[in-house]
Amino acid sequence: MSQEFSTTKAFVTGWPITHSKSPALHGFWLDQLGINGSYEPLAVAPENFKIFIDEFVQQGFAGGNVTIPHKEAAFQLVEKTDEIANLLGAVNTLWNEDGVVQGTNTDAYGFTANLDDNASGWREGTTAIVLGAGGASRAVIQAILDVGYSNVHIVNRTQSRAHALADRFGERCNPHKWEALDELMSDTNFLVNTTSLGMAGGGDAPIINVEPLPAKAIVTDIVYSPLITPLLASAQARGLKTVDGLGMLLHQAVPGFEKWFGARPEVTEKLRQYVLGASNSQGTQT
Ligand code: ATR
């Protein structure tokens with residue numbers, strides 16, 4: 001087959017992978033841009049992940065996305081990682097460059113681009129609260145530090161995790177207990193939820209009282225199902241500026257698509273509506 005008729009193949013791998021919205025998202029761009037390519041979900045069990053990394057290039061893939069639970073393993077296994085992947089200790093985007101499997105992490109980029117798109121004033125803030133200290137919080141903390149915030153309060157149920165993250169990210173970050181929230185909020189420009197609280201199917205979420213936040217505070221949630229989480233709903237009821245988490249999912253996909261398929265796709269309202277309509281998904285993940 002001549003080169004011009006060959007199909008460029010990419011994947012998203014996780015375990016399980018049935019909930020992923022990424023195939024719908026990349027499929028939309030492939031259609032829209034008229035690219036002869038494919039993007040398929042591949043369920044790979046943790047015990048088979050190393051073999052998968054070793055073999056995906058031979059199987060004809062240009063690269064792909066990595067989601068739960070493989071992001072940390074991917075970081076360990078790929079031959080070359082860039083600065084942001086090293087900072088986060090996790091990889092969500094893989095590609096083959098001259099026979100070398102490379103990895104980056106586009107979650108911090110996705111978070112920043114979503115806020116820039118929908119609440120550009122977030123860059124002027126100085127003090128942020130990040131709820132949660134799990135894997136997803138790392139990219140968020142890095143993004144907030146990168147735009148220049150001087151204080152990032154990490155609030156988490158399990159104190160040891162909040163302390164570990166504050167140690168990792170340095171002196172602008174401080175760990176706190178959940179009970180400290182009310183007091184911290186009164187002096188905060190920006191509140192981000194990175195916990196699974198409020199996620200569809202996640203059970204009854206503890207109510208987060210947003211009353212102490214200043215009137216100009218911006219509130220965002222990286223959970224996108226439901227699109228309006230209980231936190232965003234209560235912030236909206238108070239008249240605060242809110243940004244939902246779907247845009248982070250859409251924007252984090254842009255750099256990978258460009259690497260594999262050679263065209264930089266756009267995040268548009270049409271894409272958003274299309275992905276919202278795609279069934280079978282939940283949560284915060286690729
Ligand atoms: P991820 O890697 O996707 O962030 P995770 O590592 O399981 O997932 O982290 C989930 C986050 O949600 C954690 O901050 C977790 O708090 P703990 O570190 O104390 O477990 C938080 N979380 C989940 N359920 C919670 C609940 N009912 N109350 C408070 N925090 C909760």
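First listed ligand is number 1; within each ligand, the first listed atom is number 1.
- Annotation: side-chain hydrogen bond (donor to acceptor under 3.5 Å, both in side chains) contacts involving residues 52-62, sequence neighbours excluded, comprise K50-D54.
- The R161 neighbourhood of ligand 1 comprises atoms 6 (O), 9 (O), 13 (C), 17 (P), 18 (O), 20 (O), with distances under 4.0 Å to a heavy atom of that residue.
- For ligand 1, the atoms closer than 4.0 angstrom to any heavy atom of S196 are 12 (O), 23 (C), 24 (N).
- The shortest non-hydrogen separation linking Q142 to F169 is OE1-CE2, 3.1 Å.
- Applying the 4.0 Å criterion to heavy atoms of L197 picks out, from ligand 1, the atoms 25 (C), 26 (C), 27 (N), 28 (N).
- Classification of D107 and K71 as a salt-bridged pair holds, one side-chain N sitting under 4.0 Å from a carboxylate O.
- Contact annotation: the side chain of M185 approaches that of L191 to within less than 4.5 Å [non-hydrogen atoms, C-beta and beyond].
- Taking the six-membered ring for Trp and the full ring otherwise, the centers of F56 and F11 sit less than 6.0 Å from each other.
- When each atom of ligand 1 is checked for a heavy atom of G132 under 4.0 Å away, the hits are 14 (O).
- The closest heavy-atom contact to atom 8 (O) of ligand 1, among the options A90, S160, S137, G135, comes from G135.
- Residue contacts with ligand 1: T158 is placed with a nitrogen or oxygen under 3.5 Å of a nitrogen or oxygen of the ligand (distance criterion only).
- Those atoms of ligand 1 that come under 4.0 Å of a heavy atom in A133, given as number and element, are 14 (O).
- Only side-chain heavy atoms of N156 come within less than 4.0 Å of ligand 1; its backbone N, CA, C and O stay farther off.
- The salt bridge (Lys or Arg N to Asp or Glu O under 4.0 Å) analysis of residues 118-127, with sequence neighbours excluded, yields the pairs D116-R123.
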